[in-house]
Amino acid sequence: MTGTSQQDLPPAVLPQGSGRRQPLKGQTALVTGANSGIGEAVAIALGAAGADVVVNYVVGDDTAAKVVEAIEAHGQKAMAIKADVSKEDQVQAMFARMIEAFGTIDILVNNAGLQRDAPMHEMTLDQWNLVINVNLTGQFLCAREAIREFMRRGVRPDVSCSAGKIVSMSSVHEVIPWAGHVNYAASKGGVMLMTKSMAQELAPQRIRVNSVCPGAIRTPINRDAWETPEAYDALMNLIPYKRIGEPDDIARAVVWLASDDADYANGISLFIDGGMTLYPGFTEGG
Ligand code: NAD
């Protein structure tokens, strides 16, 4: 184990005061998978909080353009960049374009993700690989590029007391096993320990890495679980708070984690799930 002496640490800078209307003013952010669902809400909320935002997407030029417009309506710069997060060359080209256009990156939200569900005995290697490649390897590739830029640039005390922030979009399934979704649960379990290991490794550089773990959020990824009244009622058995989550519930948590208000939060899994992780089956006494 190598030690880090006090002298190696960057100078301590106090967090920017809380309660500011635009806690991310002057910062630049990249959100992956930002033209749908949670990523879209996060990108717009980061813009409302004062950040300039890159809207990453893989298909849907028109929906990405609409998210860019919504961010610009908050008076911030925004640009859409098409890139598949599971492809190293595309990720590197995306970061190069962002840094050329915006100068640097302060916040990465590793949000892109998908499901390819199948019972274990029928799951194909392609279904396994696609989910792991996008949900886990995609987060690795984007985090590595962001970290390289955070380390090159260091802390700018007038912008943030941290050298950079990464928010990993995980899931309640980083801890709740999920039959029929083994590839997805394995990817989010991986995201959990990747996030915490990065947080431990990079804390001495004043880089913070945390994850947000949504429960059931109303987006296209899980339409089957909320679209009909029957499905919605069945879903409520899993949610003590008795409502589905909305993308903005997640976006507010991401803005907080990315801001200096969360300066002492590092390596946490922030569950935003209406209590889904509280063993709802025991609500009636077990
Ligand atoms: P969504 O399908 O609306 O959005 C997913 C986004 O990821 C889309 O924009 C999609 O195009 C993008 N994407 C997929 N593959 C990509 C690739 N290779 N490169 C770049 N982008 C790619 O779903 P969502 O619910 O908004 O999901 C966002 C994240 O939240 C995912 O990581 C998902 O696992 C996680 N999550 C969602 C829920 C939920 O209930 N909706 C719960 C827990 C976790």
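Order of appearance sets the numbers: ligands from 1, and atoms from 1 within every ligand. Bear in mind that the values here come from a model prediction, so they are computed numbers and not experimental data.
- Looking only at protein heavy atoms, the nearest one to atom 12 (C) of ligand 1 is Gly33 CA, 3.6 Å.
- Under 4.0 Å from ligand 1, the heavy atoms of Ala83 that appear belong solely to its backbone.
- Placement of Val167 and Val55 within a single hydrophobic cluster is found when ILVMFWY residues are connected by side-chain heavy-atom separations under 4.5 Å, directly or transitively.
- When heavy-atom distances to ligand 1 are checked against a 4.0 Å cut-off, Val134 comes that close only through its side chain, counted from C-beta outward.
- Protein heavy atom nearest atom 19 (N) of ligand 1, with residue, atom name and distance: Val85 N, 3.0 Å.
- For atom 22 (C) of ligand 1, a protein heavy-atom neighbour is present inside the 4.0 Å cut-off.
- Looking at atom 37 (C) of ligand 1, its nearest protein heavy atom turns out to be Ile38 CD1, 3.6 Å.
- Heavy atoms of Lys188 found under 4.0 angstrom from ligand 1 belong exclusively to the side chain.
- Contacts of Asn56 with ligand 1, taken as heavy-atom pairs under 4.0 Å, involve the side chain alone.
- Looking only at heavy atoms of the protein, atom 11 (O) of ligand 1 is closest to Val58 CG1, 3.8 Å.
- In Ala216, the part holding a heavy atom less than 4.0 Å from any atom of ligand 1 is the backbone.
- Nearest non-hydrogen protein atom to atom 31 (C) of ligand 1 is Asn111 O, 3.2 Å.
- Proximity of Ser170 to ligand 1, defined as any heavy-atom pair under 4.0 Å, is confined to the backbone N, CA, C and O atoms.
- Screening Lys87, Arg97, Glu145 against Gln92 for a side chain to side chain donor-acceptor pair (under 3.5 Å) leaves a single residue, Glu145.
- Using bins of under 30°, 30° to 60° and over 60° for the plane-to-plane angle, the ring pair His173/Trp178 lands in the parallel bin.
- Proximity of Leu114 to ligand 1, defined as any heavy-atom pair under 4.0 Å, is confined to the side chain (atoms from C-beta onward).
- Residue, atom and distance of the protein heavy atom nearest to atom 8 (C) of ligand 1 are Ser36 CB, 3.9 Å.
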